[in-house]
Amino acid sequence: MEKTYQPQKVEEKIYKFWEKGGYFTPKIIRGKKPFTIIMPPPNANAPLHVGHGLVITLQDIMIRRHRMLGQPTLWLPGADHAGILTQVTFERKLAEKNQTRYDLGRRKFFAEILKFTLANKKTLENQIRALGASCDWTRNSFTLDSKFDKPIYTVFKKLYRQKLIYRNERMVNWCSRCQTALSDLEVEHKETETKLWYLRYPLKTSGKFIVVATTRPETMLGDTAVAVNSQDKRFKNLIGKTAILPLMNREVSIIADQVVDPEFGTGAVKVTPAHDPVDFEIGQKHKLKAIRVIGFDSKMTNQAGQYVGLDIKLARKKVLADLEKQGLLEKEEKYSHSVGHCERCQTIIESLISLQWFVKIEPLAKQAIKIVKDKKIKIIPARFEKIYFNWLENIRDWCVSRQLWWGHQLPVWYCGTQNLSPLQKQMNKIPTQNGCGEIIVATTPPKKCPKCGQTNLIRDPDTLDTWFSSGQWPFNTLGWFQKSQDFRYFYPTSVMETGYEILFFWVARMIMLGFYATGKIPFETVYLHGMIRDVFGQKMSKSRPETCIDPIKTVKKYGADALRMALVMGNAPGTDSSLSENKIKGMRNFANKIWNAARFILTNPETKNQKQKPKSVHKDDRWIINKLNKTIKTVTKNIENYRFDLAAEEIYQFFWHTFCDKYIEMSKKRRTETQPTLLFVLAMSLKLLHPFMPFITEEIYQKLPEHGKALIIEKWPR
RNA sequence: GGGCUUGUAGCUCAGUUGGCCAGAGCGCCCGGUUUACAUCCGGAAGGUCAGAGGUUCAAAUCCUCUCAAGCCCACCA
């Protein structure tokens, strides 16, 4: 044995040994309860970051331990096409060449992203291997595998038939950069310093004004009312009167509505039903016209009169200047409020009216609440249950259509183009075509219109929100639709281990869609981990390479075992933790410690060929065995309680400071006599350590004088 | 506006239902070429447990308030 442990010489060899041995593929044994984790598929648009390292580590700990308990254990790997994120990533690459998706056209654009994604996916898979993940590659899946199309469309169709999916013209979040609608979750609200402008709207009958306060003066061009609170005495006799909208010279009526807060601004609010969610609802209630003055390109439309073609910022400047000229700008105040930004590209979100597909979410949400309330699914740490309930209780319908090209196209066909929105026609260059107007939702392309027989049907060009399909990941990867043996045996899965930041995006949707589609919960336990931060407690970012830890470089330098141990130590469930190179070094030293303890025990010439059972009569021997047993208990308990951090710490302490520092030192005086105990404690320690540090433990295990086929399938100590 | 989390040694964190002089790793300082390991060993220093008040025989741990840091949700014109 070498003087120091060299993971570079060991890890690849050991991984091949496991993979060749078929240890990652479970044998289905009827009557035996399996343990299953579906790996959250990493996004196939970039290499792994250190957060993935944590995912792999935590899941592999659970998986390896359950395998050692003798359960049929499945860990199913995969990769995610990651809809909007990948499209944005790829569009940035195109932008470097001064190209847009429209230059390539839909078909070519899709093909190019697919090429890019599949290449990345290959890299990802090798990186997952490098981290030691004992996942079953024979079941490896990709979200865009064609075998998933039909199941996903089947769920869509079922929802549509039960009126849980509908198409409507509503206010949506619009990203003018991505050129798509977004769900509420995809909008990031950021506190922004801006101004509150007070605008005077002249009254029709008197020479007076009604003053409204706004952060979006340019939208005034689309105002169709002024609203006040019905209880507000100041405006009592103005309700029902008419004001003249400046610049546009349009008559707008003064209406009363409870949503208006008399305390805010002047107590009077301009109403722009086409460009503000609250105003949209006021507009619906009061049957106001919605005049669209801002287009999908975030430029003023021809409804904006002389301001047509200006972008929002410029229009704002000009509107304010023009109002000022007419003495209609009363004042401006500094004001700070939160403004929505696109989660993926940080563009400011516009609220626009658009024809989109929505999931009627309330019935699904209620079921999802019940499941957790009834303890059918347990969320760890428990405090996230509250957060989960709160979100589901206040949920609004989910916009699932995207005007993207990368993803699952909607399984919807139209007879005639009259069903397409002008936007859809324009974006996809679809020529006008007549038809009877039938809407067909089908899992495979229909040959003809069932109503009028027309054969030339037009498919809805939109794609599904990526989370609509990934919400179906647990049951689709197991072959629910094909009624496969895997599905019958491994579903519901055991644990869903993922980051708390996707509790709403993903976990809640998996629970809703999983139960809706299969009638069963998708998993029994949700374990949420926190974010890995750098030494300064900042989010790691490639823009700060000094503190940003690349998992793969780290594996090459210090070994996967060291990285895994550094990631799991001090990482409490649901809590952010920090990682530094120093910590990894410390764990590399620990690996070396294990190596050298083994070297001491296994290469002693005095004890060669000696075969003895441990007698444990000497007090030192009894002492270490006693300590070992305590450690086994604590480590087991902590793993069962999902406190992998404490389990790791326990075994670290035991091995280094109890076994090495104390017992091995004591044993030197009675070297021959202690050999059986040394071997025994070493072997047991390797088993306890294996889920955390699989490579070095397997390597040493193979050097033990007596050993089974592989440590990976050894029995967990009791 | 609603909610959540965190605040313990220079740094990263343990401290599970309140109970042994408050712990570990890293760092720092002192001493060690003990043939498993200098990626090591032995030893030392270092804390008003954010602050204030309360409950208790007993509080880092429970309650109230304050301060600080961070996060999430929300139709804050």
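Here the structure is a predicted model, which is why all the values come from computation and not from measurement.
With RNA chain B read from its 5' end, the first of the two nearest nucleotides for A:Gly265 and A:Lys386 is the one closest to A:Lys386.
In summary, A:Glu581 and A:Lys585 do not engage in a salt bridge, as defined by a charged side-chain N under 4.0 Å from a carboxylate O. In this structure, A:Arg292 pairs ionically with A:Glu169, as a charged nitrogen and a carboxylate oxygen lie closer than 4.0 Å.
For the pair A:Glu649 CD and B:G25 C1', the interatomic distance rounds to 7 Å; values are reported in whole Å. When the P atom of B:U34 is taken as reference, atom NZ of A:Lys662 falls 20 Å away, rounded to whole Å. Atom pair A:His657:NE2 and B:C26:C1' shows a separation of 11 Å (rounding to whole Å applied). The separation between A:Asp645 atom CG and B:A24 atom C1' is 13 Å, rounded to whole Å. Protein atom CG of A:Asn390 is 8 Å distant from nucleotide atom C1' of B:G2, rounded to whole Å. What separates CE of A:Met587 from C1' of B:C26 is a distance of 9 Å, to the nearest Å. As a whole-Å value, the separation of A:Trp656 CH2 from B:G25 C1' is 10 Å. In this structure, A:Phe654 atom CZ and B:A14 atom C1' are separated by 20 Å, rounded to whole Å.
Comparing the C1' positions of B:U16 and B:G53 gives an interatomic distance of 28 Å, to the nearest angstrom. Annotation: B:C71 and B:U64 have their P atoms spaced 25 Å apart (nearest Å). Between B:A52 and B:U48, the distance separating the two P atoms is 12 Å to the nearest Å. Here, B:C4 and B:A14 have their C1' atoms 22 Å apart, quoted to the whole Å. The same atom, C1', is picked in B:A45 and in B:G54; the two are 36 Å apart, to the nearest Å. B:C72 sits 25 Å from B:U12 when the C1' atoms are compared, rounded to a whole Å. B:G46 sits 36 Å from B:U35 when the C1' atoms are compared, rounded to a whole Å. Distance check on atom P: B:C40 versus B:G10 gives 24 Å, rounded to whole Å.
At a threshold of 4.0 angstrom between heavy atoms, the contacts of A:Val260 include nucleobase atoms, whether or not backbone atoms are also involved. Among the protein residues, A:Lys3 comes within range of the sugar-phosphate backbone only, with heavy atoms under 4.0 Å from sugar or phosphate atoms but none that close to a base. Within the nucleic acid shown, A:Phe504 comes within 4.0 Å of sugar-phosphate atoms alone, with no base atom in reach, counting heavy atoms only. A:Ala227 comes within contact range of no nucleotide atom at all, as no heavy-atom separation falls under 4.0 Å.
Between A:Tyr642 and A:Phe644, the ring planes lie perpendicular to each other; the angle is over 60°, past the 30° to 60° tilted range. Using cut-offs of 30° and 60° for the angle between ring planes, the A:Tyr652 and A:Phe590 rings count as tilted.
Residues A:Trp398 and A:Leu185 have side chains not in contact (no heavy-atom distance under 4.5 Å, counting atoms from C-beta outward).
Remark: A:Lys630 fails to qualify as a cation-pi partner of A:Phe654 under the 6.0 Å distance and 45° angle criteria applied to the six-membered ring.
Pair check for B:C29 finds B:G43; Watson-Crick or G-U wobble, both atom distances under 3.5 Å. A 3.5 Å limit on both hydrogen-bonding distances identifies B:C57 as the Watson-Crick or G-U partner of B:G19. Across all strands shown, B:A9 has no partner, as no Watson-Crick or G-U wobble contact with both distances under 3.5 Å is found. Nucleotide B:U64: paired with B:A52 (Watson-Crick or G-U wobble, both distances less than 3.5 Å). Here B:C71 sits opposite B:G3 as a Watson-Crick or G-U wobble pair (both hydrogen-bonding atom distances under 3.5 Å).
Contact check, A:Asn589 against B:C40: a side-chain N or O comes under 4.0 Å of OP1 or OP2. Residue A:Lys585 has no polar side-chain atom (N or O) positioned under 4.0 Å from OP1 or OP2 of B:G25. Side-chain N/O atoms of A:Arg643 include none lying less than 4.0 angstrom from OP1 or OP2 on B:U16.
Judged by atom type and distance alone, A:Ser338 reaches the base of B:C76 through a side-chain donor-acceptor pair under 3.5 Å. Contact annotation: side chain of A:Lys593 to base of B:C37, donor-acceptor pair present below 3.5 Å. Side-chain N/O atoms of A:Glu665 and base N/O atoms of B:A36 include a donor-acceptor pair closer than 3.5 Å.
Of all heavy-atom pairs between A:Met531 and A:Asp576, the closest is N-OD1, 2.8 Å.
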